[in-house]
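As the structure is a computational prediction, the values presented were derived from the model and not from experiment.
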Amino acid sequence: MNQRSPARHGCFSFSLPLSLALSSAAGAFLGTTSALPAAQITVGIIGDYGAAYAGAVSTSNEQAVANLVKSWNPDFIITTGDNNYPNGEASTIDTNIGQFFHEFIYPYVGTYGAGATSNRFFPCIGNHDWPFGVSFLAPYLAYFTLPGNERYYSHSHGPIDLFAVASDQQEPDGALPTSTQALWLSNALATSTAPWRVVYYHECPYSSGSLHGSYTHQADNMLWPFTEWGATAIFAGHNHLYERVFTNDLNYITIGLGGDRIDNFYSIPVAGSLIRYNTTYGAGRIVATETNFVFDFFNIFNEVIDSYTMEAMPARLAVGWTGGQPRVELTGSPGRSYIIHASPNMIDWVPISTNTASPGSTTVLDPGFMNQPARFYRAVNGR
């Protein structure tokens, strides 16, 4: 299934291909800049997985999921929580996590082999990681070295910014839409210039799960205005199944088939539910470039259960002359905001205009040209 992303989503910053050079009576050179695009990024997503403590069956399930994810050679892995069943204890954390993913963790303090040379494992906190209060998160904080305060944080990789959120209401900075944590997220999303902005946490407010689904109202505290804040996609767990719900102009994706038990669906799906799956275990994969965001969910037999794509048309510039001053023609995704920068040397850039792309081209004049011997232009993402 292909989806073109909503107008405010998927903008990106890049230098434009060399387009056109014209000379004025003063002999000035006009042009647009050229740069290589950011590399493709592959992200593995697992959730409700850390159950190897329970014995051979759970270990086998988790190993199958780990093998699936590793077969993609991901740049890094994120989790939707419940990393360390049953109670987040230090005695189980390496068995539940490091046994399968030590080569992605830095610094790795466990015993199952070599760790990574830089961290490539970015979990979020599930209820089983601190079941009896904030103090019970100590083994998690000792095992992982994560950005920020390590409970909620952001990390950036090429064309994608990711935001790990603590959805449990025992989070010291709160887990309501008006909380300190929510203010941090809204500000972080507002200042992100990445094409794609992924938010992930444990308890999802949109789910057809029978145990923790929407009808229980257990996760109503996470009814945050993610669309208005500029998120591209939401990933969560807690319900041990796979589901994609499209609501509020966003995909809310539950990935909870990492290795623990499998849950049933409630008899009536939640509004907006597109895909529901709970036959066996599996994991999600994002492949992102500056212009495409492709998500797939695979089961452990490497069968594609669900897939969707978002696309972002790149901005393009052309330059010419009007009334003795440069004229820049901007073409991009209609409704998206772009900032046009100008430079005399492709080193010192200054913004000259912020514009929302229209269905055709948008004309921008540059009265600050002032007969400079050279003038270059680029478009970067606006908000």
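Looking only at distances, no side-chain donor or acceptor of R276 sits under 3.5 Å from a matching main-chain atom of F265. For the pair R120 (side chain) and D75 (backbone), a donor-acceptor distance under 3.5 Å is present. Looking only at distances, no side-chain donor or acceptor of N221 sits under 3.5 Å from a matching main-chain atom of L176. N292 places no side-chain N or O within 3.5 Å of a backbone atom of T309 that could act as its donor or acceptor partner. Panel note: side chain N278, backbone D263; a donor-acceptor pair is recorded below 3.5 Å. Judged purely by atom type and a 3.5 angstrom limit, T216 uses its side chain to pair as donor or acceptor with the backbone of G213. Side chain of E243 to main chain of S208: a donor-acceptor pair is present (N/O by atom type, distance under 3.5 Å, no hydrogens or angles).
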Point to revise | Residue pair N239, S207: steps toward the side chain to side chain donor-acceptor pair (under 3.5 Å) verdict | key: CA-CA 8 Å; N239 295 274; S207 170; 3.1 Å; yes
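The shortest heavy-atom contact between H155 and I78 is CE1-CG2, 4.0 Å. Here the shortest heavy-atom pairing between R197 and P195 reads NH1-O, 3.7 Å.
Annotation: salt bridge (Lys or Arg N to Asp or Glu O under 4.0 Å) contacts of D173 (sequence neighbours excluded): R151. D161 meets the salt bridge (Lys or Arg N to Asp or Glu O under 4.0 Å) test with no other residue; sequence neighbours excluded. With sequence neighbours left out, E89 forms a salt bridge (Lys or Arg N to Asp or Glu O under 4.0 Å) with no residue at all. Listed by chain and number, the residues in a ring pair (Phe, Tyr, Trp, His ring centres under 6.0 Å) with H202 are H238 (sequence neighbours excluded).
A perpendicular orientation is assigned to the rings of H157 and F122, their planes being inclined by more than 60° (bins at 30° and 60°).
Sorted by first and then second residue, the side-chain hydrogen bond (donor to acceptor under 3.5 Å, both in side chains) pairs with a member in residues 293-302 read Y277-N299, D296-S307, N299-E303; sequence neighbours excluded. Within the structure, every pair that satisfies the side-chain hydrogen bond (donor to acceptor under 3.5 Å, both in side chains) test and touches residues 130-148, not counting sequence neighbours, is listed here: D94-Y143.
Considering N83, N84, D260 in turn, N83 is the only one that fulfils the side chain to side chain donor-acceptor pair (under 3.5 Å) rule with Y49.
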